[in-house]
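Data block below; observations after.
Letters A, B, ... mirror the listed sequences (proteins, then strands); counts begin at 1.
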Number of protein chains: 4
Amino acid sequence: MLIQIDFASDLPIYRQLRDQIVIGLATGQLEAGEELPSVRRLAADLGINLHTVHKAYQQLRDEGFLVLDRRSGAVMAKNIPDQPEFQNWLSRQLEPLVAEAICRKMSTNDLQALVRTLDQSMRQLKKDGEMQNE
Amino acid sequence: MLIQIDFASDLPIYRQLRDQIVIGLATGQLEAGEELPSVRRLAADLGINLHTVHKAYQQLRDEGFLVLDRRSGAVMAKNIPDQPEFQNWLSRQLEPLVAEAICRKMSTNDLQALVRTLDQSMRQLKKDGEMQNE
Amino acid sequence: MLIQIDFASDLPIYRQLRDQIVIGLATGQLEAGEELPSVRRLAADLGINLHTVHKAYQQLRDEGFLVLDRRSGAVMAKNIPDQPEFQNWLSRQLEPLVAEAICRKMSTNDLQALVRTLDQSMRQLKKDGEMQNE
Amino acid sequence: MLIQIDFASDLPIYRQLRDQIVIGLATGQLEAGEELPSVRRLAADLGINLHTVHKAYQQLRDEGFLVLDRRSGAVMAKNIPDQPEFQNWLSRQLEPLVAEAICRKMSTNDLQALVRTLDQSMRQLKKDGEMQNE
DNA sequence: GTGGTCTAGACCACA
DNA sequence: GTGGTCTAGACCACG
């Protein structure tokens with residue numbers, strides 16, 4: 001799976017890394033149970049600091065996406081645990097974005113379409129990957 | 001309009017302030033052309049520093065939401081200028097959120113419904129406010 | 001002569017006023033010896049403060065463009081005195097602008113053309129005005 | 001690159017700093033991709049406050065001249081983005097200067113020559129620097 | 001009164 | 001080490 005870091009972004013590197021791994025999982029580029037590169041390896045490949053990769057992995061573990069084991073390294077979780085507050089959290093993240101879309105005169109339909117497109121394209125990618133594996 | 005700052009949040013204060021003003025504009029709690037409190041006044045009301053408010057106002061000005069009129073202080077812009085890259089920007093913001101929703105097993109319908117609810121409730125609030133003014 | 005103030009500009013109002021009067025003089029909309037409106041009158045017309053107009057007039061007087069007299073009010077100077085350091089001053093003003101033009105990949109020719117156009121259009125306006133008066 | 005701050009100038013320090021960096025870029029004293037001193041370092045060298053340098057850097061970043069790389073601090077941008085309204089902006093800056101030159105009886109030729117000299121001397125400095133590097 | 005600039009000094013997140 | 005944020009308090013230009 002290709003990971004691209006933008007060093008000039010305002011988003012911290014560890015967050016970019018974390019986000020891309022989540023996106024990878026959503027699009028099927030990463031599967032449950034799949035092994036991730038070691039901290040060392042990934043840091044070297046991306047040309048970033050060990051700490052940075054470690055921090056991203058830690059956060060993914062805290063969120064239930066990743067299982068860290070001394071022997072088997074980093075493995076994508078098989079079962080992502082329910083996060084009871086997830087919808088509320090998501091709602092809070094979405095709120096300012098939706099507000100800005102309204103202010104920028106985006107229509108309800110355009111906004112819905114944008115979310116739908118993102119959602120469907122990711123799910124489609126995942127389905128394609130799964131069919132290939134069968 | 002009520003503004004609430006969460007000092008424990010990881011989101012910087014000036015960003016919380018900026019976001020809430022945008023939300024206020026989307027929900028009609030703030031209207032185009034309306035005067036905002038002066039930097040000093042708002043800082044005192046919220047118990048934060050003058051510079052923090054100043055920074056939020058500056059950002060809103062740069063984004064075209066606010067006009068800093070030399071005579072009357074801060075005034076919500078009448079015409080919010082188009083931001084040519086706005087949809088792309090929004091898409092990039094939405095991508096990791098949608099990805100996480102998929103990973104957390106949220107259905108397409110639930111996600112759509114969540115966005116719809118946010119969008120509609122804000123637009124409704126705005127419409128209510130406008131009807132009251134007539 | 002029409003004067004337009006932009007209250008949202010970063011340029012102070014008295015400077016906008018001063019600049020437009022100088023432009024008016026360069027384009028012949030104002031002539032040497034012509035009377036300007038009184039401070040009171042102009043302030044009322046533009047909807048700005050007395051002090052602001054006063055400050056603009058003072059600066060124009062200091063620069064030799066305007067003669068202020070208690071009886072005859074404000075009169076455009078007949079002979080604008082030489083300002084020995086003017087070329088140096090102008091050069092210093094121009095330097096960052098030319099530098100930015102270079103950085104923005106504007107060609108020497110385009111820059112020259114831009115200055116020429118501004119210069120010629122003002123001089124032409126002035127000549128037109130003078131012919132009309134004969 | 002030598003930077004000189006005039007504490008008596010009416011131009012704010014952060015603007016002087018910003019202007020001199022742009023001039024440095026135009027004259028080749030600063031090259032695309034070159035690292036700038038850290039905010040702290042430059043502030044100490046110039047005897048000014050950290051925040052003042054920070055503000056200049058932020059503005060340069062907003063204008064596309066500077067990239068604030070998370071790893072290596074401040075780096076001059078490789079590709080300065082087009083500013084669609086740049087010519088209009090420049091024209092507005094130039095207008096009062098040209099008008100004043102006309103009022104001060106500067107000839108079209110002298111004005112053209114002045115701009116040409118500034119432009120050519122900066123471009124020449126840049127070319128010299130580039131030849132030296134080969 | 002307003003916003004804008006500058007200083008001084010602190011703490012934090014990031015790498 | 002870096003930049004980013006926040007605070008406190010001062011002065012100035014503008015209107």
Residue pairs involving [range] (criterion salt bridge (charged side-chain N to carboxylate O under 4.0 Å, His left out); sequence neighbours excluded):
range	answer
residues 51-63 of chain C	C/R18-C/E63
residues 25-38 of chain D	none
residues 74-96 of chain D	none

Crowding at CG, D/N79 (>12 non-hydrogen neighbours, <6.0 Å):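 Result for CG/D/N79: open.
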
Sub-4.0 Å heavy-atom contacts from residues 44-65 of chain D onto DNA chain E, ordered by number: D/I48, D/N49, D/H51, D/T52, D/K55

For DNA chain E, the residues among residues 3-22 of chain A that have a non-hydrogen atom under 4.0 Å from it: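 Close to the strand are A/P12, A/I13, A/Y14.
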
Qualifying ring pair (Phe, Tyr, Trp, His ring centres under 6.0 Å) pairs with a residue from residues 56-77 of chain B, counting only residues at least two apart or across chains: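 Passing the test, one end in residues 56-77 of chain B: no pairs.
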
Qualifying ring pair (Phe, Tyr, Trp, His ring centres under 6.0 Å) pairs with a residue from residues 75-94 of chain D, counting only residues at least two apart or across chains: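 The answer is D/F86-D/W89.
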
Stepwise side chain to side chain contact (heavy atoms under 4.5 Å, CB included) test for A/V22 and A/L60: CA-CA 8 Å; A/V22 173; A/L60 286 162; 3.8 Å; yes

Positive for side chain to side chain contact (heavy atoms under 4.5 Å, CB included) with A/Y14, one of A/Q59, A/H54, A/Q58: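 In the set A/Q59, A/H54, A/Q58, the residue that makes a side chain to side chain contact (heavy atoms under 4.5 Å, CB included) with A/Y14 is A/Q59.
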
Qualifying residues under side chain to side chain contact (heavy atoms under 4.5 Å, CB included), relative to C/Q29, sequence neighbours excluded: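 Expected list: C/M1, C/T27.
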
Side chain to side chain contact (heavy atoms under 4.5 Å, CB included) partners for D/H51, two or more places apart: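 Applying side chain to side chain contact (heavy atoms under 4.5 Å, CB included) to D/H51 gives D/N49.
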
Heavy-atom pair of closest approach, residues D/Q20 and D/L2: OE1-O, 4.1 Å

Heavy-atom pair of closest approach, residues B/L25 and B/L30: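 Closest approach of B/L25 to B/L30, heavy atoms only: CD1-O, 3.5 Å.
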
cation_pi(B/R71, C/F7) dist<6.0 Å, angle<=45: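 Yes - B/R71 lies over the ring of C/F7, closer than 6.0 Å to its centre and within 45° of its axis.
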
Identified stems (criterion: three or more consecutive Watson-Crick or G-U pairs, under 3.5 Å), DNA chain E: E:1-14 with F:1-14

Min side-chain heavy-atom separation D/L97-C/L94 under 4.5 Å: yes

Test item: A/L46 and A/L17 side chains (from C-beta on) under 4.5 Å apart, heavy atoms: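 A/L46 reaches A/L17 side chain to side chain.
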
Interface limits on DNA chain F, where chain C has a heavy atom under 4.0 Å of a nucleotide atom: F/dC14 to F/dG15

Any residue of residues 31-42 of chain D with a heavy atom less than 4.0 Å from an atom of DNA chain F: D/S38, D/V39, D/R40

